[in-house]
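Working notes, structure below.
Below, chain A is the first sequence line, B the second, and so on; all start at residue 1.
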There are 2 protein chains.
Amino acid sequence: MAVSEQLQTAYRMLAGDTFDSRCASRPVMDQVTTRWGTLVIAALVTGPHRFSALHQRVGGISQKMLSQNLKSLVRAGLVERHVEPTVPPQVTYSLTALGESLAEPLCELLRWFGEHTEAMLDAQRRHDAAA
Amino acid sequence: MAVSEQLQTAYRMLAGDTFDSRCASRPVMDQVTTRWGTLVIAALVTGPHRFSALHQRVGGISQKMLSQNLKSLVRAGLVERHVEPTVPPQVTYSLTALGESLAEPLCELLRWFGEHTEAMLDAQRRHDAAA
DNA sequence: CGGAATCCCCGTGGATACTG
DNA sequence: CAGTATCCACGGGGATTCCG
């Protein structure tokens, strides 16, 4: 198998942990791996963004979901919210150090999808055709 | 910023793609990044598993969600379903080559959570206390 | 501009029971 | 053992409206 010992090691580190339903990481993981969390984090990789900029960039997200996700990400210490006391108010969101460290594996995952989406769609078509 | 050009590059590859709501990768991404998809894939990294083995390992997942996730993963060509025609029936699930290639970035992500969950929980506590 | 609040719907997802 | 089927509740998530 091509997966090698590296993955095996990674797996063992998680064995008694992530797979346990009582593990504390579960709720925290859900927040990030939720439908939008991934994209919001990824969108912030290039630097600070304003609310409306994020709203446009992520594409398809509603204001509600965006603000909701941002709130929980701020709470988790992944995103920093900066308010410029002007009129009209200027609110900027940026990744914290913790958020940036998360962005790394996250971007690799997104990149994987970018590269393999076609393969997956092909597989689905073939699967549906066979059925 | 510490994120460096590597991430910038990764980002640009996604720019006109993943963030577009009409992008084909969205539904496919949702299937995997859904609550259980990640864990199911990760659980299969160590090798083939039977249904009940997965049911126990993932912990907290219902039979319904497990079979549902497995079905869509098989459809996407990430997981292979192997039936041994015995009585009682023995059904084994394993990662395909495509699935294994996905497992790599996915495991890194899970590893990140394993290492940083504490930091996130701390941040949440501090945030809640400040409020 | 950047949200918070409200309304409402539909899908996710759990529990249970049944089948091959 | 490996599911499928049915029922049901909750909350994710969209559209709209209002506020500072």
Using modelled atom types and a 3.5 Å cut-off, is there a donor and acceptor pairing between side-chain atoms of B:His82 and backbone atoms of B:Glu80? no

Applying salt bridge (Lys or Arg N to Asp or Glu O under 4.0 Å), can you list everything that pairs with A:Arg26, at least two apart in sequence or on another chain? none

Worked check of side chain to side chain contact (heavy atoms under 4.5 Å, CB included) between B:Val74 and A:His127: CA-CA 8 Å; B:Val74 167; A:His127 181 90; 4.0 Å; yes

Please identify each residue that fulfils side chain to side chain contact (heavy atoms under 4.5 Å, CB included) with A:Gln56, with sequence neighbours left out. none

side-chain hydrogen bond (donor to acceptor under 3.5 Å, both in side chains) against A:Ser101, all qualifying residues, sequence neighbours excluded: B:Trp112

Please name all residues satisfying side chain to side chain contact (heavy atoms under 4.5 Å, CB included) with A:Thr34, sequence neighbours left out, ordered by chain then number. A:Asn69

Quick one: side chain to side chain contact (heavy atoms under 4.5 Å, CB included) partners of A:Gln68, sequence neighbours excluded? A:Lys64, A:Met65

Do side-chain atoms of A:His116 reach the backbone of A:Gly114 as a donor and acceptor pair under 3.5 angstrom? no

Give a yes or no answer on whether the side chain of A:Thr96 reaches the backbone of A:Gly77 with a donor-acceptor pair at less than 3.5 Å. yes

Students should find that the nucleotides of DNA chain C closing off the region near chain B, any atom under 4.0 angstrom from a heavy atom, are C:dG13 to C:dG20

Proximity to DNA chain D (any heavy atom under 4.0 Å), residues of residues 33-41 of chain B only: none

How sharply is the helix from C:dC1-D:dG20 to C:dG20-D:dC1 bent, taking the axes over five pairs at either end and rounding to 10 degrees? 50°

Residues from residues 64-86 of chain B sitting under 4.0 Å of DNA chain C, heavy atoms only? B:Lys64, B:Met65

Results of side chain to side chain contact (heavy atoms under 4.5 Å, CB included) for B:Val83 - residues two or more places apart only: B:Arg81, B:Val91

Which two nucleotides bound the region of DNA chain D that has atoms under 4.0 Å from heavy atoms of chain B, read 5' to 3'? D:dC1 to D:dC7

Using atom types as modelled, flag every donor-acceptor pair under 3.5 Å from a side chain in residues 117-124 of chain B to any protein atom, sequence neighbours excluded.
| residue | atom | partner | partner atom | Å |
| --- | --- | --- | --- | --- |
| B:Thr117 | OG1 | B:Phe113 | O | 2.4 |
| B:Asp122 | OD1 | B:Arg125 | NH2 | 2.7 |
| B:Gln124 | OE1 | A:Arg75 | NH2 | 3.3 |

